[in-house]
Amino acid sequence: MTPASKRENGLDVFRLLAAFGVITVHVGFFESFNSEEISSILRLSGRWAVPFFFILTGFLISRNNSSTRALSPLVKALTIFSIAFLLLIPLSVANYGFHETLARVFSSGIFLSGSYFHLWYLSSVVVGLLILLALEKQELGRLIPYVACISILMYLVMGAYNPLTESGIKVARHLSMCRLFVYRY
């Protein structure tokens with residue numbers, strides 16, 4: 001096994017914990033399942049998980065020094081996004097109806113959330129990897145820390161956790177993808 005392909009057991013433990021964190025964020029929305037206070041605690045306890053996955057992606061990509069290091073993860077993320085997009089169409093039809101699903105699939109914002117809302121994470125990763133690939137291909141890697149800082153500030157200003165509008169949360173979440181640049185330098 002080469003060092004690059006060696007499993008990182010410590011990271012795997014945190015991935016497992018972060019997966020549970022993502023679950024608690026979503027389970028917490030079922031106020032009837034528990035009291036409102038317990039639901040709030042569950043939601044808050046998992047808020048670290050999604051940023052952790054973005055930062056972990058950046059860390060793992062940064063271990064490769066190639067100028068095209070974002071290409072392989074980009075292809076994987078696009079493949080997973082495409083498959084999930086197709087698999088979630090029936091769920092979207094069941095929840096929103098055929099006509100609204102059709103309108104979503106052919107809307108200009110389809111890349112922001114796919115055929116179902118929860119695909120925003122994958123499309124955010126794709127956006128981040130495209131930006132990283134473009135900056136490194138143009139030999140502008142020195143700008144990555146600035147792009148990351150600006151995107152995180154915009155993410156906070158646009159109110160990712162308390163959005164003013166539905167489109168505001170979509171844009172803010174996609175700006176959060178620049179957290180994956182954190183470990184570049």
Side-chain angles (χ1 to χ4, degrees), residues 1-2 4-27 29 46-64 66-96 100-137 144 147-148 151-152 155 160 166-167 169-184:
M1 231 182 237
T2 64
S5 66
K6 184 180 174 188
R7 294 297 299 186
E8 301 265 352
N9 292 330
L11 293 179
D12 288 342
V13 168
F14 278 106
R15 282 186 213 184
L16 178 64
L17 292 172
F20 281 118
V22 170
I23 291 169
T24 63
V25 167
H26 292 87
V27 169
F29 284 113
R47 286 288 182 202
W48 65 275
V50 171
F52 170 78
F53 280 120
F54 279 117
I55 291 169
L56 180 63
T57 300
F59 170 73
L60 294 173
I61 290 171
S62 72
R63 296 185 338 175
N64 178 349
S66 166
S67 64
T68 59
R69 65 178 155 200
L71 190 56
S72 176
L74 175 63
V75 169
K76 290 176 185 176
L78 278 170
T79 302
I80 294 168
F81 178 81
S82 300
I83 292 168
F85 178 94
L86 294 172
L87 291 175
L88 288 171
I89 288 176
L91 182 62
S92 182
V93 170
N95 286 334
Y96 305 112
E100 188 171 333
T101 299
L102 198 59
R104 284 174 183 239
V105 168
F106 291 105
S107 73
S108 60
I110 191 65
F111 188 70
L112 291 178
S113 59
S115 57
Y116 203 72
F117 172 75
H118 287 87
L119 289 179
W120 74 266
Y121 178 82
L122 287 170
S123 63
S124 294
V125 169
V126 168
V127 168
L129 292 171
L130 283 171
I131 291 171
L132 181 61
L133 190 63
L135 288 173
E136 290 190 335
K137 279 296 217 179
I144 290 172
V147 171
S151 73
I152 290 170
Y155 169 78
E166 178 66 26
S167 60
I169 193 170
K170 288 180 181 179
V171 172
R173 284 181 167 164
H174 279 74
L175 290 172
S176 72
M177 57 67 194
C178 285
R179 294 176 190 177
L180 66 87
F181 299 156
V182 169
Y183 281 99
R184 171 61 175 103

For the atom pair [atom1] ([X]) and [atom2] ([Y]), what is the distance rounded to the nearest 0.5 Å?
{"X": "Ile80", "Y": "Tyr121", "atom1": "CD1", "atom2": "OH", "answer": "10.0 Å"}
{"X": "Ile83", "Y": "Leu78", "atom1": "CD1", "atom2": "CG", "answer": "11.0 Å"}
{"X": "Lys76", "Y": "Leu71", "atom1": "NZ", "atom2": "CG", "answer": "11.0 Å"}
{"X": "Leu133", "Y": "Ile131", "atom1": "CG", "atom2": "CD1", "answer": "11.0 Å"}

Minimum heavy-atom separation for [X] and [Y], please, with both atom names.
{"X": "Ala77", "Y": "Leu129", "value": "CB-CD1, 4.5 Å"}
{"X": "Val105", "Y": "Phe85", "value": "CG1-CZ, 4.0 Å"}
{"X": "Arg15", "Y": "Phe53", "value": "O-CZ, 3.7 Å"}
{"X": "Ala18", "Y": "Ala49", "value": "O-CB, 3.2 Å"}
{"X": "Phe81", "Y": "Ser123", "value": "CE1-CB, 3.9 Å"}

>> Checking Phe14 against Leu56 for the side-chain contact (heavy atoms from CB on, under 4.5 Å) test, could you report, in this order, the C-alpha distance in whole Å, the side-chain angles of both residues, the deciding distance, and whether it holds?
In response: CA-CA 10 Å; Phe14 278 106; Leu56 180 63; over 6 Å; no
> Within the distance-only criterion (no hydrogens, no angle test), does the side chain of Ser92 pair as donor or acceptor with the backbone N or O of Thr101 below 3.5 angstrom?
Replying inline: no
> Given the rule in the side-chain contact (heavy atoms from CB on, under 4.5 Å) test, do Asp12 and Leu16 qualify, once you have shown the distances and angles that lead to the verdict?
Replying inline: CA-CA 6 Å; Asp12 288 342; Leu16 178 64; over 6 Å; no
>> Which residue in the set Leu87, Leu91, Val93 passes side chain to side chain contact (heavy atoms under 4.5 Å, CB included) when paired with Ile89?
In response: Val93
